[in-house]
2 protein chains.
Amino acid sequence: MGYSIGQVAERCGISTYTLRYYDKEGLLPFVKKTPSGLRDFSDQDIELLRIIECLKGTGMQIKDIRQYIVWLMQGDSTLQQRLDMFERQKERLQMQMRQLMDFMDKIDFKIDFYKDAVAHGDTNVYERNPDLVRRKKKLFGCCAAAPAKKARKNSTRQSPNSADCQ
Amino acid sequence: MGYSIGQVAERCGISTYTLRYYDKEGLLPFVKKTPSGLRDFSDQDIELLRIIECLKGTGMQIKDIRQYIVWLMQGDSTLQQRLDMFERQKERLQMQMRQLMDFMDKIDFKIDFYKDAVAHGDTNVYERNPDLVRRKKKLFGCCAAAPAKKARKNSTRQSPNSADCQ
DNA sequence: TCTTGACTTAGAGCTAACTCTAAATTTTAT
DNA sequence: ATAAAATTTAGAGTTAGCTCTAAGTCAAGA
């Protein structure tokens, strides 16, 4: 006897609905059943569930996680595919972490902006704080993500409008 | 004249469909229109779009992003709310980064596991590699996320089954 | 001027990932 | 023994966030 679906749900912070959904989607083919038909999770099943969480939490779709499960069931002939998959997922995760750090820089900037704004009761922050001007330029000024294409006909920048950087 | 919706879409890597959807959802009330009705994005609009991306990318729902936009429109009386929001979002982001690092540890473990497995053509990795045994225990052994409740009646651990840690 | 492509709106359609319901069965506690 | 709680299945319903279509308008180049 291992763990019931409710015990696993509580322990892993996943609803029983979701666990049954994962099973239905083919993510839990290793989970045994008791003679009367109840799911019976082993420690290995829970470990696999942690890996599923990990793949899902790094942006993998359920149909792609199922591919991994299929490879597991196919045995040692798919070891290389599984290694490749985890290496691809690691690269993906590294990109996500870089993006989160970029978001953190922007949020830190906003926090400092609003701290000054709250302290003075207005948003004339850049007139008071040259450091924030510098950071704003670094974070938002001309990222040039895509190679700049043709601009609109009359492409002079308009003067700063109502909602300047809030 | 600023940027057309297509120019913004290309520059920011967001489809025109999505930009119009954001507008419909009230996220882009500051975007002007030309006399003939075309959207005309300013640099400030694009900067706000970057913040929207940032909030969305750190897990905020569109209805909550709209609340921020509403506060922007309400002016200086909502500065404190906006500061609080960014500080909450920063905490959320820190949690996300911690979780991603945890995922990274698990993926690194899997990569090392499968490198050994591929090298030897089988999954008897733990018999060869004591370091991986140690790391496996550290990563998956008895996390005790929730306070352990009543175990199942006959709660002896079952012997390792077919799919042990793959 | 004509043509081609980008833009507009309203609203329908789609997808992924759950989330729940109903009716029956099983387990646990008293 | 019996009541309450947990589980089972199949299948319907929900949600968020797009994504697309249709029918029409606007803009830029030849």
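In the text below, chain A, chain B and the rest are named by the order of the sequence lines, each starting its count at 1. Reckoned from all heavy atoms, side chains included, excluding hydrogens, waters and symmetry mates.
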Query - Contacting residues from residues 53-61 of chain B, given that a heavy atom lies under 4.0 angstrom of DNA chain D - result: B:K56, B:Q61
Could I get a table of every N or O pair under 3.5 Å where one atom is in the protein and the other is in nucleotides 21-24 of chain C?
none

Query - Rounded interatomic separation in angstrom, taking OH from A:Y21 and P from D:dG11 - result: 17 Å
Query raised in the report: For B:E87, which residues count as a salt bridge (Lys or Arg N to Asp or Glu O under 4.0 Å) partner, sequence neighbours excluded?
Result: none
Requested in this report: Report yes or no: is the cationic atom of B:R11 (NZ for Lys, CZ for Arg) under 6.0 Å from the centre of the six-membered ring of B:Y3, at an angle within 45° of the ring normal?
Outcome: yes
Requested in this report: Could I get the full list of salt bridge (Lys or Arg N to Asp or Glu O under 4.0 Å) partners for B:D76, not counting sequence neighbours?
Outcome: none
Query raised in the report: Can you name the residues that form a ring-ring contact (aromatic ring centres under 6.0 Å, His included) with B:F86, not counting sequence neighbours?
Result: A:Y114, B:Y68
Report summary line: Sequence neighbours excluded, the answer for side-chain contact (heavy atoms from CB on, under 4.5 Å) partners of B:Q89 is A:I107, B:L55, B:T58, B:M60, B:R92
Query raised in the report: Picking from D:dT7, D:dC18, C:dC18, which would you name as closest to the side chain of B:I62?
Result: D:dC18
Report task. Return each pair, listed once, that meets ring-ring contact (aromatic ring centres under 6.0 Å, His included) where at least one residue sits in residues 43-66 of chain A; pairs must be two or more places apart or across chains. Result -> none
Could you pull out the protein-nucleic contacts involving nucleotides 9-12 of chain C (nitrogen or oxygen on both sides, under 3.5 Å)?
unit_1, atom_1, unit_2, atom_2, d
C:dT9, OP1, B:K33, NZ, 2.8
C:dT9, OP2, B:R39, NH1, 3.1
C:dT9, OP2, B:R39, NH2, 2.7
C:dG11, N7, B:K24, NZ, 3.3
C:dG11, O6, B:K24, NZ, 3.4

Query raised in the report: Taking the side chain of B:L38 as its heavy atoms from C-beta onward, which of C:dT27, C:dT8, D:dC18 lies nearest to it?
Result: C:dT8
Report summary line: Quick note, A:I5 side chain, CB onward, closest among C:dC7, D:dT8, C:dT19 is D:dT8
Query raised in the report: Rounding to a whole Å, what distance do you find between A:D64:CG and C:dA16:C1'?
Result: 12 Å
Query - Whole-Å distance separating the CD atom of B:E10 from the C1' atom of C:dC7 - result: 16 Å
Query raised in the report: Over how many whole Å does the gap from B:Y3 atom OH to C:dA6 atom C1' extend?
Result: 19 Å
Report task. Between D:dC18, C:dT27, D:dT7, spot the one nearest the side chain of A:T16, thanks. Result -> D:dT7
Report task. For the residue pair A:Q61 and A:D64, establish whether any side-chain heavy-atom pair is separated by less than 4.5 Å. Result -> yes
Query raised in the report: In chain order, what residues pass the side-chain contact (heavy atoms from CB on, under 4.5 Å) check against A:V31, with sequence neighbours excluded?
Result: A:L28, A:R39, A:F41, A:D45
Query - Counterpart residues, side-chain contact (heavy atoms from CB on, under 4.5 Å), relative to B:V133 (two or more places apart) - result: B:Y126, B:K137
Report task. Go through the structure and list residues passing side-chain contact (heavy atoms from CB on, under 4.5 Å) with A:R134, not counting sequence neighbours. Result -> A:D131
Query - Nucleotide C:dT19, atom C1' - distance to OH of A:Y22 in whole Å - result: 12 Å
Requested in this report: For A:D84, check salt bridge (Lys or Arg N to Asp or Glu O under 4.0 Å) against everything at least two apart and list the hits.
Outcome: none
Query raised in the report: If only side-chain N and O atoms of A:T18 are considered, is one of them under 4.0 Å from the OP1 or OP2 phosphate oxygen of C:dA17?
Result: no
